[in-house]
Enquirer: 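Below: one structure in structure tokens.
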There are 2 protein chains.
Amino acid sequence: MKKVTINSVASHAGVSKKTVSRVLNNEPNVSAATREKVLAVFKELDYTPNPIARGLAQNRSFIIGCLYDNPSKSYITRVQTGALEACKENNYNLLIHPCEFRGDALINNIEQLLQTSRLDGIVLTPPFGDFAELASFLKSKKIPYARVASALLQDDSISVRSNDEQGAFEITEHLISLGHKSIAFIKGHPDHSATQQRFKGYRRSLASHGIEFDERLVEEGNFSYHSGVDSARSILDLSPRPTAVFASNDYMAAAVLKLATQRQLKVPDDISIAGFDNAPIARHIWPGLTTIAQPVEEMTKQAVTQLISHIAQPQEKPYQVTLESRLITRESTSAIK
Amino acid sequence: MKKVTINSVASHAGVSKKTVSRVLNNEPNVSAATREKVLAVFKELDYTPNPIARGLAQNRSFIIGCLYDNPSKSYITRVQTGALEACKENNYNLLIHPCEFRGDALINNIEQLLQTSRLDGIVLTPPFGDFAELASFLKSKKIPYARVASALLQDDSISVRSNDEQGAFEITEHLISLGHKSIAFIKGHPDHSATQQRFKGYRRSLASHGIEFDERLVEEGNFSYHSGVDSARSILDLSPRPTAVFASNDYMAAAVLKLATQRQLKVPDDISIAGFDNAPIARHIWPGLTTIAQPVEEMTKQAVTQLISHIAQPQEKPYQVTLESRLITRESTSAIK
DNA sequence: TAAATTCATGACACCGGTGTCATAATGTCA
DNA sequence: TGACATTATGACACCGGTGTCATGAATTTA
């Protein structure tokens, strides 16, 4: 059983390679009769074009790369889900590439990636979207890219984000509206722009209610569950203990909840806990976490969709959009007694 | 700035393409002087070979595909982690491809995948590893594959699994040793071979202690958190209520825990709960879940490593291994009162 | 009906590498 | 030093598609 190529189809159908190629790509200037004949041979020989050969001729791979370095696995899962949807709709494939954000190796690493697998475009997920050096590297290599959930970098690339500052503001407002004045805050990973944004929103809300900002209530986390445990320990040891904790993501909030419960504290009666992201864990635990729902899948899907259409036909003006997030109240927050 | 290809390097260095290719691939029969010269030109022109052209000539893509359809996202994350490690060590890349297991579309879907992106090999994760039709399809297309955590299919392909039956046996033994006799069981997804295996282990343990199997204690789940909630509801409504629940994975166990807690039951005092997999959630909740730790990452890593070495050099005998799992006791199980 | 235009098709180069084989250069041995 | 083996190198075809352009046939226009 020999391999079926465009040549075998051509000779079988008694036409030239080029004509077969025309049929393959729905190009004009093929008579109906010829088209029929070629299509019949496709069926008969069970022909499928070789994507690599096509890639060589057109200098395309139909593969999008997804770059990430994120302590929150569920966030990555959501990013992938959105990216995959966009790829599927456009007959693209998704290649995943985790790599360390810190360290000089990054650019080399990406260079290696581009060498071993030519990608048509790259999605930069946090924190990569805010790394100017990487952006300019990709530009120099002429690799199109799209940024997801990145706040800082002002460039002319595709970018889909949500308003972290506003989300954090709203959830803090929610806590304050419940009577809380002593609200601890757990920061996210310092490399992520969301970390600063969420912190800003927290402070803006406090300020708008005349609540004095207290540095002792702020802990440095890094979005991982483990860092949440450490921060929770410090916070729960405070005296007087804050009446509420706002963690920069749900993993860290879950850690606070676990530690508080272990210490016999009732949530939310003794302490209210709020998270961010609406990760699966927020509804998998009891009490469920009050949080901000971010459309991570949707953001990524839009980013990748735009990226693909940009690849097919470079746009004049970049697609830059901010999607809405919304407050979800569950059982982990309640009015102060 | 023109593109740098093997031709530009060749003319720059004053040698033939083929000699450049030899240097590129560390082939013998290149004089030291020539090699130096060519390497210098590589640097000077900042040359990187085009993977697509190489792929066309060698009929390889250096990409492994990972096929999955799994309700447990964290399981997929772990599979990816293991697969990525193996890929990284071998300069391969990983393309992810979720697709529906059920339905006739599957084979077409895979065919499409192979068309749009030539893969050097495929990792089949549960439940795909047990689908004989898919295996024979891949064989007919001459695409090497490796199976992860698959129990049933007896074929001559690479397979790395762990002993689900034994794990379920051990965790049931653990519950029985704590004095439990009325142990509810939540099954996994019917398409997954692990589902039957775990059920078998549960029954074997009961039988070995002369505990009569009671069908009313068995609920049909599908590995998703949501299905766990439904099953938990039925189980907690039973009268008399079982003193322990063994769910076929940690997500469903977490659902039982949440519902029990919501209903003011104390875990483990009022009811013991055990899971399977040692997913992150098992230690992110309070009380932590007693569970069976499966080396999912390691299984996948070994499978992919073998797959890649098989691609480079087809082996005579297939690599088929069963890795150990182990019992992890946490706070969700205790001796009956 | 002749000239001009449009359409259908194929020949051929090309994408950027690798494999095969011939040949020139060098080394080894008697 | 001649016969022979070994090493270094390049010419050229090939992988399986696509792009460019020439050509002959069919159709329209004057």
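All values below were derived from every heavy atom in this structure, side-chain atoms included, with hydrogens, water molecules and symmetry-related copies excluded. Because the structure is a prediction, the values reported are computed rather than measured.
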Enquirer: If you measure from CG on B:L113 to NZ on A:K88, what distance do you get to the nearest 0.5 Å?
Expert: 11.5 Å
Enquirer: Which residue is it: A:T81, A:T77, A:L84? I am looking for the one with a side-chain contact (heavy atoms from CB on, under 4.5 Å) to A:E297.
Expert: A:T81
Enquirer: Return yes when atom NZ of A:K37 has more than 12 non-hydrogen atoms of other residues, nucleotides or ligands closer than 6.0 Å, and no otherwise.
Expert: yes
Enquirer: Just to be sure I understand the geometry, which residues of residues 43-62 of chain A put a non-hydrogen atom under 4.0 Å away from DNA chain C?
Expert: A:L56, A:A57
Enquirer: Using atom names, set out every protein N or O paired with an N or O of nucleotides 7-11 of chain C below 3.5 Å, distance rounded to 0.1 Å.
Expert:
| unit_1 | atom_1 | unit_2 | atom_2 | d |
| --- | --- | --- | --- | --- |
| C:dA8 | OP2 | A:N29 | OD1 | 3.3 |
| C:dT9 | OP1 | A:S31 | OG | 3.2 |
| C:dT9 | OP1 | A:T34 | OG1 | 2.4 |
| C:dT9 | OP2 | A:S31 | N | 2.8 |
| C:dT9 | OP2 | A:S31 | OG | 3.4 |
| C:dT9 | OP2 | A:T34 | OG1 | 3.3 |
| C:dG10 | OP2 | A:S16 | N | 3.0 |
| C:dG10 | OP2 | A:S16 | OG | 3.2 |
| C:dG10 | OP2 | A:T19 | OG1 | 2.6 |
| C:dG10 | N7 | A:R22 | NH1 | 3.4 |
| C:dG10 | O6 | A:R22 | NH2 | 2.6 |

Enquirer: Do you know the tightest heavy-atom contact between B:A151 and B:S193?
Expert: N-OG, 3.3 Å
Enquirer: Provide, to the nearest angstrom, the distance between the CD atom belonging to A:E27 and the P atom belonging to C:dT6.
Expert: 19 Å
Enquirer: Mind calculating the distance between NZ (B:K3) and P (C:dC14) to the nearest angstrom?
Expert: 14 Å
Enquirer: Hey, does the side chain of B:S21 come within less than 4.0 Å of C:dT18's phosphate (OP1/OP2), counting only N and O?
Expert: yes
Enquirer: Roughly how far, to the nearest 0.5 Å, is the CG atom of B:L138 from the CG atom of B:L124?
Expert: 6.0 Å
Enquirer: Determine to 10° how strongly the helix from C:dT1-D:dA30 to C:dA30-D:dT1 is bent, judged from the axes of its five-pair ends.
Expert: 40°
Enquirer: Could you give the distance from CD1 (B:I63) to CZ (B:R118), rounded to the nearest 0.5 Å?
Expert: 10.0 Å
Enquirer: Take atom CZ of A:R118 and atom P of C:dG16, then tell me their distance rounded to the nearest Å.
Expert: 11 Å
Enquirer: Mind listing the closest non-hydrogen atom pair of B:I52 and A:G55 along with its distance?
Expert: CG2-C, 3.8 Å
Enquirer: Quick one: which of B:Q294, B:Q302, B:K301 gives a side chain to side chain donor-acceptor pair (under 3.5 Å) with B:E298?
Expert: B:Q302
Enquirer: Looking at B:L119 and B:L114, what are the two nearest heavy atoms and their distance?
Expert: CD1-CD2, 4.3 Å
Enquirer: How many whole angstroms separate atom CG of B:L24 from atom C1' of C:dG17?
Expert: 9 Å
Enquirer: Nearest 0.5 angstrom please: A:K141 NZ to A:I110 CD1, how far?
Expert: 12.0 Å
Enquirer: Between A:R147 and A:S157, is the side-chain hydrogen bond (donor to acceptor under 3.5 Å, both in side chains) condition met? List the steps.
Expert: CA-CA 7 Å; A:R147 294 176 296 126; A:S157 65; 2.9 Å; yes
